[in-house]
Amino acid sequence: MSKRPPPDPVAVLRGHRASVMDVCFHPSKNILFSGAADGELRIWDSVQRRTISSALVHNAAHGIIGLAASPLIGDDKVVSQGRDGTVKYWDIGDGDLSRLKSSFCLNRNPLVTIKTNSYHFCKLSLVKKFAFGPCQTGVPENCQDAEGGETTFQGNQMESIEDSEQVKGPKYVAVSGEQSSVVELWDLASAEKFLQLPHLSSGLPNTTTKARGMCMALQAFLSPESQGYLNVLTGYEDGSMAWWDVRNPGVPMNSVKFHKEPVLSLCIDGACSGGISGAADEKLVFFSLDYQLGSALVKKEITLERPGIAGTSIRPDGKIAAFAGWDHRVRVYNYRKGIALAILKYHHATCNTVSFSADSKLLASSSEDTTVAMWELYPPQTVT
Amino acid sequence: MGEVEEKAVLEKVGNVVASINGSKHVDQVISAVYSLAALLFPLETLSFIGSISEKYRDEVRSVEALSENQTKEWWKVFYKGAAFPALARVLLYDVASDWLVCFPISARKNVYDVFFVKGRMTEVVQAIVPCLQNRGSTSYDTSAVYSNAERLLVLCLVENDGAFQMVKEFNFQCESEELTGDKLKQAISMLAQLVTSIPDKARPGISSALSSHLFFKSITTQLLSGAEEWDKNLPDGVDSCNKIYTHDTIVFIGEIVARICRRGSADVLLSELIPRVLCQARNFLSGTANVSVNKTFELKPGLRFWSRVIEEIKDSYAVERLSEQLLHQLAAQNTNDIEAYWILWILFHRSYENQPLIRSMFVDKFLLWKVFPICCLRWILHFAILECSPDNTLLTKAYHAHRLVETMQRLVSVWSKREFVQSSRLEQQAYVTAALGLCLEKMSKEDLDATKDAIHSILQGVSCRLESPDHLVRKMASSVALVFSKVVDPQNPLYLDDNCHDETIDWEFKPTMSDRSSVAKSHHKDEEADKVKGLDMAKEANGVDDADMGKKVKGRKQKLLEFKLVDPDEVIDPAALNGELISDGEGDDFGSEDSDSLSDTSLEPYDLTDDDADLKRKFSQLVDVVGALRKSDDVDGVEGALNVAEKLVRASPDELKYVASDLARTLVQVRCSDFTVEGEEESAEEKRQKALVALIVTCPLESLEALHTLLYSATVDVSQRIMILDVMTGAAQELASMKFLKPEYQPRNLISSVSDKPWFIPRNIGPPGASSWKEISTPGTLLNWSYSYERELPPRPGQIQRGKTRRWSLQSSVNENQLEQSQNQFPQYAAAFMLPAMLGFDKKRHGVDLLGRDFIVLGKLIFMLGVCIKSAAMHPEASVLASPLLDMLRVREISHHIEPYVRRSVLFAASCILVAIHPTHVASALMAGNTEIPRGLEWIRTWAHDIAESDTDRECYMLAMTCLQLHSELALQTSRALESTEGTFGTETLGLPSALASGMIKIPRV
């Protein structure tokens, strides 16, 4: 039986002049953000596949390493992280595409600039929040509403520990700190650091975390099972991962070591019950999170023929997961069963990131070859 | 009574002789002879009476016959005493020359021949044979005497089974016991001598029956049937040692057999002998079980005489010839092992037991010095060493373990010597190897342990063979090693070679002589690669088990896969097999409760096949290539760099000149085996060599300098040195047959002639097959601002249409008009190739010892030099470079190198010189008194002559012959050139050294 050949990208976005370090979809609109190593942030219309706007948002010498957008930080906001030691919080306008072009321009200043003074490779992470079931397609309003409701609930919880007030929930961003083994949580609204993991004031020796080396990957998330307290999953240089709860910033809840080489990317699924990790070795790990025991368990481990996974992503509906490989390929797996589904070959240089759109219809992959490829895979079934 | 009769007989003979001498008419002679014949033989008188005249008829009738008993008595006396020789003399000389022609046929038969045919054969032979010898005496009609004697011999010995009778006579003689001891033996041997000398004495071409082939054949048949009869009459239960019964008959047969063998007719003898023994042995074998066959054989009438006959042959040379021929003939007849064994046993078992000479012949000579087919070797081993029949499988220890071990040790001590490998013929080596291998096969571990230094010797022999440049020699080593390892540990056989994984080893080592006709060119090519590989194999031999294990595991995985694929929803990623235990169990309960099976089946995988073709690093700069090659830890990089190296070099970029020496060095030092998977070393090695060849060709001077430095540096190993020489050879050949693309000059009209066509219509030039121009009509408009035309062009040969995009280029038409021209580019670089390489060959430095240990490199070097000089053939450079090369070849350590491999190379190089030098150059050197070249050529001739006469290596011999032939051709051409110049200038004025000239033109005795 001859199988279908793997699909080609439905579109290739060209325009960057340097390696595209990160891509992310707008949480509700048909917008794609992409950031390149020369500091350029581009905003694309993901339907027309055209650049809407472009701006040099970070120093060209250092470039962008991370981008993030989330309903939690606002619909018209995007966060960019540069290797110049700053995280910038941008307003892209009210989301009207026709006006976006003019409103978001080169000279505009960011709403907030956080000087983290960290010069490393670790991408920032916004808080990923528990979502009920698969995302409804084509109804961003619903999503928004649902999330809005959540947010308030969460926000209340958070307020109980932190006295900072939020309009739409905690606008936190997790980054690897000035001291590269430390994870810092910053409040985007106030541009203040409110927590360090491990917490320096806890008085405990930090040798354990230091021994792990640099923090290479981050994922912050809120799960109902964690009683609304922020959790952070961090991957370190020595291949270990730690699960932190902000209630106990001194020591991680759990620490596991699935990889032999630095963990380069982490992704938690929508239900916050598990995730995937990619590292510099040739292993992909599917793991599950057990909140009762506070432990992470390997569900499935896949060995590839070539090492290096730079980026991972799980589709919002939790069906498939994608891995961006150093070997120029994007690999797609059935997330639940861990079965290989496709090897996507288009890029002719290292892939940096993969990202799914909020409606689960599109997959974007960015690569060192300065392109962003858009793929349509296994379109989600519309729920009637 | 005897004396009385003897007197009477003598008297009668005297009378007859007197009357013959005094007779005037033939009838008188007839009647005189008849008068005696009638007394000796029972004759019917009347058969010839009609043919003689009346006058003598009565005389004949008047002779009264004696009684039967009296006749017998007379016969005995007549033949025993002096009577017969006296009469025979008269009959054979006087009567034969004077009267016999006139004898009527019936008279000749009844009166004359009867004396010989019915006489005592031993005496008859003694009487007749000397007639053939007396060539000096002229008193008789010699030709009549000869032809009569020959006729009588045919009549007696061939037609009337004289030899059979002689055997019988010996039987009777035993009883009468007249002669004894040495005298008898002497008589017997003299008689045998006479009988066997007949074919030599008979005049050639007169009687075919007396030709050695037919005569010996007939004699053999008769003797053998005589012997069989003797054997049957032998009373049963006679002790085998009983001398009396073995004596005369057997001695006589033995003597004759020995002499036949000595006279080189052993094959004739055996062609009679083998079928008889074989038939008897077969009859016997089919009838009995194999229990104590020996004893039964010994007692069986009809078989006993064989071994005694052989035992009686005292002439060891004859026995050797006989047994050698026997083995060869049995092998040629494809006799099976068991029969052959029994034939050997029947014939030789007594002498093998009793005569040390015969034993040593089998054990030493036949194993170490002779070369037999392999089946013979097996028979010899069974007969002489194991002393048990090949079918004797039941009694495993029936053979003489002690003798086997002893033999094995002797074989090993010869086999393991380096000199043996170097100097003995290949066939001999193969034979001894086979003998050793077969011995080892029969041995057990205990036997082997019992020997003191055999194991050490075997290993030594194996290792010195593995270094040999000859594939067959290496194969011998690996076969012996395999057998040896099987003896030591049957579970873990050691395969030194990939292609001999069969259970049974073919000991025959068939040399592929047929394809050696293109000797010099081909023999160098693949051997070194093989050799190096062989050494590697030895290292990797230990890994065999792991590989096997790997295969098994793979097989199991394969099964797993197949099993899994039955489930349509399940698709297995081979990589996922590791984690399958987890995935199957937990995959389902991990999914949320509402996990819809629909959506899961919709996730049907795409084709997951993946190759890494796109991941290879692309090199576009030579500097990158050099850099990548230096990073030996980046396996892919090295591989990719090797892949593109040749192309990049061939493109010959500007910077090549500056990178060349670096690139050459790194290419030599890359270790292909390090980064390739097993089995793909070849292709990587080939790429490396091709790149080097390309490098030398495109940039000779710089790269050669680097390579020459490496060639004699201590940092490279033998295989790298060989590789360097190989690529130099390749490059020289490529440079010599360099092809150039030259644009063909095409006259074109710069100004087109005015024709009836409008100027804007394109002209019909282009490739053949193009259609004519058509105007493109643009619909809708009436007015055309521009004229456009189109036509269809046929695709160019080799053009493949890919997709819709077509490429146009101005260059496209250029190729078709180019012509390939070849031009020898080598001579200008010849000195750069050769001279530095010739500098350091005799220096022994650290890691470099060309004259000794690294002889293969030396052979390669000389071969390379030969190719170089050949590539420069007929150019003046060749003549200049020939003399230093000749000087090098003339060094004794080289020209008489102990390894045949080196000698072959030298012969090849010498032939190349002979081919390369232009005859006119030799001629002018001769005339100018420049003795260097002519001396060198003369040396080639004498030396090649020596080699052809005395070298043990067959290939050396063939090459030497070619060399001599080439020399004579060159000499001929030179003499012609000399003649033509002499015609114009005259010899005296030029002062031609005549001795040298004659030396040059000496045509070798080929």
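Excluded from the calculations below are hydrogen atoms, water molecules and symmetry mates; all remaining heavy atoms, backbone and side chain alike, are included. Every chain is numbered from 1, with letters handed out A, B, ... down the list of sequences.
Annotation for A/K257: atom NZ counts as buried by contact number, over 12 foreign heavy atoms lying within 6.0 Å. Applying the 6.0 Å contact sphere to OH of A/Y291 captures more than 12 heavy atoms from other residues, nucleotides or ligands. Atom NZ of A/K345 sits in a crowded spot, with more than 12 heavy atoms from other residues, nucleotides or ligands closer than 6.0 Å.
A/I343 CD1 to B/T609 OG1: the interatomic distance, rounded to the nearest 0.5 Å, is 7.5 Å.
Minimum interatomic distance between B/P605 and A/A340 (heavy atoms only, all atoms of both residues): CB-O, 3.6 Å. In terms of heavy-atom proximity, A/R4 sits nearest to B/E604 at NH2-O, 2.8 Å.
Both the backbone and the side chain of A/P6 come within contact range of chain B, with heavy atoms under 4.5 Å apart. Neither the backbone nor the side chain of A/L344 comes within less than 4.5 Å of any heavy atom of chain B.
Looking at heavy atoms from C-beta onward, B/Y606 lies out of side-chain contact with A/V332 at the 4.5 angstrom threshold.
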